[in-house]
Amino acid sequence: MFGLLRLVVVLLIVQTVAYVGLSFYSRSVRRGKLERWWEEKGKTGDKEAFVARGLRAYDKSFRRKLILGVYFVPWVLIAVLIYIVNFK
């Protein structure tokens with residue numbers, strides 16, 4: 001039982017690190033795309049306000065929520081693996 005608890009704790013720590021890393025990476029990619037789009041279109045006005053609005057919209061998007069799969073996919077794979085090993 002102690003081994004299972006260690007596995008769960010270690011997996012949650014690794015998942016959290018992966019989630020934070022993916023979140024920062026994804027947000028920086030979105031910021032870069034917004035800034036490039038601003039420069040390519042030759043827009044005028046406040047670039048930082050445009051990027052901030054775009055990032056607020058990104059925070060509410062489905063793509064942002066897909067990163068939460070970092071928490072669910074490994075647990076589903078572990079459950080499937082346990083099922084296959086024990087019942088097939």
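The CD1 atom of Ile78 sits 5.0 Å away from atom CG of Leu11, with the distance rounded to the nearest 0.5 Å. Here the NZ-CG distance, from Lys60 to Leu55, works out to 12.5 Å after rounding to the nearest 0.5 Å. Here CZ of Arg56 is found 14.0 Å from OG of Ser61. Values are rounded to the nearest 0.5 Å. Taking CZ of Arg31 as the start and OG of Ser26 as the end, the distance is 12.5 Å to the nearest 0.5 Å.
Each ring-ring contact (aromatic ring centres under 6.0 Å, His included) pair with one or both residues in residues 5-47, not counting sequence neighbours, appears once here: Tyr19-Tyr71, Trp37-Phe50, Trp38-Phe50. Within the structure, salt bridge (Lys or Arg N to Asp or Glu O under 4.0 Å) pairs that include any residue of residues 75-88 do not occur (at least two apart or interchain).
Residues Val8 and Trp75 are in side-chain contact: their nearest non-hydrogen atoms beyond the backbone lie under 4.5 Å apart.
Between Leu22 and Val70 the shortest heavy-atom distance is CD1-CG2, 3.4 Å. Heavy atoms only, all atoms of each residue included: Arg27 and Asp59 are closest at NH1-OD1, 2.7 Å. The two residues Pro74 and Gln15 make their nearest non-hydrogen contact at CG-NE2, 3.4 Å.
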**Message:** Using the rule given for side-chain contact (heavy atoms from CB on, under 4.5 Å), can you reason through Arg63 versus Arg30, listing the C-alpha separation, both sets of side-chain angles and the distance that settles it, and then say yes or no?
**Reply:** CA-CA 11 Å; Arg63 180 174 293 199; Arg30 176 57 62 181; 3.7 Å; yes
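With a 6.0 Å radius and a threshold of 12 heavy atoms from other residues, nucleotides or ligands, Lys41 has its NZ atom at or below the threshold.
With sequence neighbours excluded, the residues that form a salt bridge (Lys or Arg N to Asp or Glu O under 4.0 Å) with Lys47 are Glu39.
Tyr58 is connected to Leu68 through a chain of hydrophobic side-chain contacts under 4.5 Å among Ile, Leu, Val, Met, Phe, Trp and Tyr, so both are in one cluster. The hydrophobic cluster containing Val73 does not contain Leu81, counting ILVMFWY residues as joined when their side-chain heavy atoms lie under 4.5 angstrom apart, directly or transitively.
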